[in-house]
Q: 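One structure, as structure tokens, below. Some questions next.
Below, chains carry the letters A, B, ... as their sequence lines are ordered, and counting in each starts from 1.
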2 protein chains.
Amino acid sequence: MPIERRPLREQIRDELLRKLDRGDFAAGTDINEVALASELGVSRTPLREALITLAGEGVLESNQGRGFRFAPVSRKEFRELCEIVGALESLALQLSDAGYLRRLGPKLLRLARDFPDQVAEQQEIERHDDEWHDLLLSGCPNERLLDLITSVKAGMRRYAHLQAGDDAPLEREAAEHCRIAEALVEGDLPAATAALRDNWVNGMERMMSRLTE
Amino acid sequence: MPIERRPLREQIRDELLRKLDRGDFAAGTDINEVALASELGVSRTPLREALITLAGEGVLESNQGRGFRFAPVSRKEFRELCEIVGALESLALQLSDAGYLRRLGPKLLRLARDFPDQVAEQQEIERHDDEWHDLLLSGCPNERLLDLITSVKAGMRRYAHLQAGDDAPLEREAAEHCRIAEALVEGDLPAATAALRDNWVNGMERMMSRLTE
DNA sequence: ATGTAATATTTTGTATTCATAGTGCAGAAT
DNA sequence: ATTCTGCACTATGAATACAAAATATTACAT
């Protein structure tokens, strides 16, 4: 097994996203490069490289002379991101091999039913949801599309921890996953795609209703 | 008029894309950072920042210890990019205000008919085509989506100069633009969206047939 | 007390330096 | 003859140093 060797900037990027998931950063706050670099135990150079990458993904924004800061959240942007990811995931599903999806159906259905119960950590729920979607799209041959989806989703992470721990939405999310999986089991790709699109639209509205702002 | 003050990395990025359009870089070739930096008259730091941005957009790829290089072109990737941009532009059109599009229709139609003739520079044709699409999407309220389209299209620039100067495809491109514009004039958004999608599929095939590879 | 100008401090943007990984070649061992 | 090893060289990855811009502070005038 080859030992993992990745550029520092990528490791830093991942670590920053983890911290973001944990809610360590408040949206809209400036980033102090020297402070963050010393906190992470790296120099400013690879840190800035990671920040630039994240800015390209929309997680951060940069202003001349003012450095980087976490892009402020807004209902408008969240809606925009949901529209985009909904369309991209739908496309990915459409491009997937029908036979593969059919075989995948039962597993997706099982996972959807085993959705973590309400007592689980918010982060755990998020992770499970992400993995389910990743598996759903695992048959898509368009690699660039999958990369792009990952990148856009990174920009959505700022919204994840804003979700209040509510119960009903969770069950509806699971129910929608079941609907998608069932359509796949039946080999009805258009229905699955439509259900997936609904899932994003509804997910957006569920979230919106809980974003006090 | 305030004088333009942008980070060096962005100016460098733009300049590199310009050079790419001019065909200054062969796909698949490694980038020598010191050489390129001195050629541009900047230091390696902002250059590397620009390279990292371009890598995030898929224009370049980076390998640990081996630096950056222009991502090699392939029929597969080109098809993937067309699929993505087609879906994104369709979404952008769907989200646009119907009334605005209707008002825009005549202008789009006029521009489509005034498509530059065959003797024009390849670059000129590209620019005109880009501007036409930009105008088509100018009514889309989803700003993130427009940014994303721009970013993905940056990754397609590597393919632009591979097009041989052929005549027939150009006329078909113009004809398709007319179809889209006509649908908008009639206020038939679904037809326009479908025509736009066709435009990307056909454009892809036109290009594919000319990519010898 | 408040507003403004001058100055000090902090922070970012860019350049330079240093360390280490990658590459190619020469020569020895098989 | 071929392959492996060691060494020199080159290029990248990361750290540090410097310059410029933005922000904070203080002194002064009103």
Q: For DNA chain D, note the earliest and the latest nucleotide, 5' to 3', having some atom under 4.0 Å of a heavy atom belonging to chain B.
A: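 Range of nucleotides touched by chain B: D:dA11 to D:dA22.
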
Q: Taking ring pair (Phe, Tyr, Trp, His ring centres under 6.0 Å) as the test, write out the residues that go with A:His133, two or more places apart.
A: A:His177, A:Trp200

Q: Main chain of A:Arg144, side chain of B:Glu80: is a donor-acceptor contact present, judged purely on distance under 3.5 Å?
A: yes

Q: Using a 4.0 Å heavy-atom cut-off, write out nucleotides 7-14 of chain C from 5' to 3' as B (base contacted by protein), S (sugar-phosphate only) or - (no contact).
A: ----SBBB

Q: Residues two or more places apart in sequence or in another chain: which of them pass side-chain hydrogen bond (donor to acceptor under 3.5 Å, both in side chains) with A:Gln94?
A: none

Q: Of all residues at least two apart in sequence or in a different chain, which pass the side-chain contact (heavy atoms from CB on, under 4.5 Å) check with A:Glu176?
A: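 Here the qualifying residues are A:Asn199, A:Asn202, A:Arg206.
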
Q: In sequence, state the C-alpha distance, the side-chain angles, and the governing distance for B:Arg158 and B:Phe25, and then conclude on side-chain contact (heavy atoms from CB on, under 4.5 Å).
A: CA-CA 9 Å; B:Arg158 286 174 295 137; B:Phe25 302 114; over 6 Å; no

Q: Side-chain donor-acceptor pairs under 3.5 Å in residues 100-112 of chain B, sequence neighbours left out?
A:
residue, atom, partner, partner atom, Å
B:Tyr100, OH, B:Ser138, OG, 2.8
B:Arg102, NE, B:Val185, O, 3.3

Q: Using a strict threshold of under 4.0 Å (side-chain N to carboxylate O), is an ion pair present between A:Arg157 and A:Glu57?
A: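 No, no charged N to carboxylate O under 4.0 Å.
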
